[in-house]
Amino acid sequence: MAIPELSDRERQVLDAVIQSYVETAEPAGSRTLSRRFGLGVSPATIRNTMSDLEEKGFLFHPHTSAGRIPTDKAYRAYVDGLMRIRPITSSDQARLEEELRATGGTIETILRRAAQTLGVLTQELGVALGPALEQTTLHRLDLVRVAADKLVLVMTLVGGAVRTVFVEVRGEIADTALAEVAVVLNERLAGLTLAQIKATLPARLRDAGRSVQAAEVLDIFVQERDQLFDASLVRGSEGVVLGQASVLAEQPEFAAGEDLRRLIELTETSQRLASTLRDRAERPGITITIGGEHDDPLLGKLTVVTAEYRAGTLSGVIGVIGPTRMPYDKVVSVVTHTSRLVSALLA
């Protein structure tokens with residue numbers, strides 16, 4: 001895509017500055033660009049072009065004698081109009097498939113391994129958001145006794161997803177009472193969304209149990225409805241799954257204590273991170289937000305790259321968080337491939 005306010009030469013120089021800074025983390029000077037990128041013009045011409053780009057808000061220099069550094073505006077221009085996506089390498093593709101196909105098991109297990117592997121391959125912080133089920137409809141539920149005082153609630157949702165939740169009861173429940181509870185729950189809750197169930201459960205189960213034991217178990221469902229009918233397939237942390245933040249600690253952007261503190265605070269405030277990721281769950285393809293484009297100040301110096309994955313009627317996002325200085329061409333291809341692989345595994 002063209003960038004109307006930039007000439008062809010400005011586009012070439014901006015592309016070179018970004019590539020140089022991403023690779024070295026050092027401000028780019030005109031002589032360095034001339035030697036490395038063969039732009040076909042003199043260092044003086046490159047220097048003048050960089051000055052023009054600085055006036056237009058695409059570059060800045062940290063002090064008077066330094067080379068230039070890309071701004072958030074420059075990275076946005078790069079991902080929208082200059083970036084040539086680098087195909088995922090066969091080794092990265094094989095690593096992803098080996099790691100993810102070895103997991104099996106739950107959605108949470110697959111997402112956790114995917115986030116960890118993404119972090120290793122991109123050297124950014126891998127992140128995923130589990131599917132939210134608030135508007136998913138309950139098809140049926142079953143109660144299975146696993147101990148004298150413990151049941152398993154098995155919820156089958158429209159679209160095929162299944163949730164299992166342990167329910168602790170007071171003493172051993174007779175089989176007849178257990179069957180009565182299952183009948184009541186299916187009659188009164190099947191066909192409702194999980195959001196509707198949590199909002200209306202006390203009224204729907206009022207005076208529902210005929211036997212004393214059945215009434216006691218139904219009362220447990222009413223009292224613990226928020227936990228039993230939780231709308232996330234990934235438990236805790238607002239449905240957010242993180243890879244290893246230690247891969248980012250090696251990057252020069254986090255050498256300063258304040259930037260590292262903000263990163264740690266971000267990983268420890270799951271509600272804020274979940275809100276950022278949840279806004280992306282219905283956006284197809286790749287979504288990239290850069291630095292000051294974020295509403296959350298903790299993300300003010302970071303880039304978030306995510307792609308949607310789908311499992312039947314459910315959807316979530318998978319991607320990475322890192323400094324705005326990241327190899328976008330590689331990250332986009334790896335995140336895209338991972339989202340497709342996760343979707344295929346969950347299907």
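The model shown is predicted, which means the values in this text are computed figures rather than measured ones.
Asn186 and Arg140 make their closest contact through OD1-CA, 3.4 Å (heavy atoms, listed as atom of the first residue, atom of the second, distance). Counting all heavy atoms, side chain and backbone alike, Leu96 lies closest to Ile88 at CD1-CD1, 3.9 Å. Heavy-atom minimum distance, Pro323 versus Leu248: CD-CD2, 3.9 Å. Taking all atoms of both residues into account, the shortest heavy-atom contact from Val127 to Ala115 is N-CB, 3.9 Å. Between Ile286 and Ala307, the shortest heavy-atom distance links the atoms CD1-CB, 3.9 Å. Minimum heavy-atom separation, Ala74 to Leu14: CB-CD1, 3.8 Å.
Annotation: side chain of Pro327 is not in contact with side chain of Gln123 (no heavy-atom distance under 4.5 Å). With contacts defined as side-chain heavy-atom distances shorter than 4.5 Å, the pair Thr122/Val305 does not qualify. Proximity of Leu242 to Leu273: side-chain heavy atoms (C-beta onward) are separated by under 4.5 Å at one or more points. Contact check for Thr338 versus Leu121: no side-chain heavy atoms found under the 4.5 Å cut-off. Here the side chains of Leu201 and Phe229 are in contact, with some heavy-atom distance below 4.5 Å. With contacts defined as side-chain heavy-atom distances shorter than 4.5 Å, the pair Leu189/Arg204 qualifies. Looking at heavy atoms from C-beta onward, Val17 lies out of side-chain contact with Phe58 at the 4.5 angstrom threshold. In this structure, His61 and Met50 have side chains that are not in contact, with every pair of non-hydrogen atoms separated by 4.5 Å or more.
The closest donor-acceptor contact from the side chain of Thr32 to the backbone of Ala28 lies at 3.5 Å or more, if one exists at all. Distance alone, capped at 3.5 Å, is enough to place a donor-acceptor pair between the Arg225 side chain and the Lys198 backbone. The backbone N or O of Lys330 sits less than 3.5 Å from a side-chain atom of Ser333, completing a donor-acceptor pair. Of the possible donor and acceptor atoms, none in the side chain of Ser20 sits under 3.5 Å from a partner among the backbone N and O of Ala16. Of the possible donor and acceptor atoms, none in the side chain of Asp15 sits under 3.5 Å from a partner among the backbone N and O of Tyr78. Put simply, the side chain of Ser339 gets close to the backbone of Thr336: a donor and an acceptor are under 3.5 Å apart. Listed for the Ser34 side chain is no donor-acceptor partner under 3.5 Å among the backbone atoms of Ser30.
From Arg112, atom CZ reaches atom CD of Gln116 across 7.0 Å, with rounding to the nearest 0.5 Å. Summarising the geometry, atom CD belonging to Glu10 is positioned 5.0 Å from atom CG belonging to Leu53; distances are rounded to the nearest 0.5 Å. In this structure, CG on Leu82 lies 12.5 Å from OH on Tyr328, to the nearest 0.5 angstrom. Atom CD of Glu253 and atom CE of Met326 lie 9.5 Å apart (nearest 0.5 Å). Rounded to the nearest 0.5 Å, atoms CZ (Arg36) and OG1 (Thr24) are 7.0 Å apart. To the nearest 0.5 Å, the span separating CD on Glu308 from CD1 on Ile318 amounts to 12.5 Å.
Under the 3.5 Å distance criterion, with hydrogens and angles disregarded, a donor-acceptor pair is assigned to the side chains of Arg280 and Thr306. In summary, the side chains of His294 and Thr289 do present a donor paired with an acceptor at a separation below 3.5 Å, with no hydrogens or angles considered. Side-chain atoms of Arg68 and Ser51 include a donor-acceptor pair closer than 3.5 Å. A donor and an acceptor atom, one from each side chain of Gln12 and Asp8, are nowhere located under 3.5 Å apart.
A salt bridge between Asp52 and Lys56 is absent, with no side-chain N of the basic residue lying under 4.0 Å from a carboxylate O of the acidic one.
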>> Run the side chain to side chain contact (heavy atoms under 4.5 Å, CB included) test on Leu138 and Leu192 for me, step by step, so that the C-alpha distance in whole Å, both residues' side-chain angles and the decisive distance to 0.1 Å come before the verdict.
In response: CA-CA 6 Å; Leu138 176 67; Leu192 301 175; 5.8 Å; no
>> Between Glu180 and Gln213, is the side chain to side chain contact (heavy atoms under 4.5 Å, CB included) condition met? List the steps.
In response: CA-CA 10 Å; Glu180 180 185 346; Gln213 280 194 327; over 6 Å; no
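The number of heavy-atom neighbours closer than 6.0 Å to CZ of Arg283, taken from other residues, nucleotides and ligands shown, is above 12. More than 12 heavy atoms of other residues, nucleotides or ligands shown are found within 6.0 angstrom of CG on Asp279. More than 12 non-hydrogen atoms from other residues, nucleotides or ligands lie less than 6.0 angstrom from CZ of Arg188.
Leu125 pairs with exactly one of Val320, Thr267, Val304 by the side-chain contact (heavy atoms from CB on, under 4.5 Å) rule, that one being Thr267.
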Name the atoms and distances for all side-chain donor-acceptor pairs under 3.5 Å in residues 166-177, with sequence neighbours left out.
| residue | atom | partner | partner atom | Å |
| --- | --- | --- | --- | --- |
| Asp175 | OD1 | Arg145 | NH2 | 2.5 |

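Under a hydrophobic-cluster definition in which Ile, Leu, Val, Met, Phe, Trp and Tyr are linked whenever side-chain heavy atoms come within less than 4.5 Å, directly or via other members, Val120 and Val342 are assigned to different clusters. At a threshold of 4.5 Å between side-chain heavy atoms, the hydrophobic network of Ile, Leu, Val, Met, Phe, Trp and Tyr places Val183 and Val217 in two separate groups.
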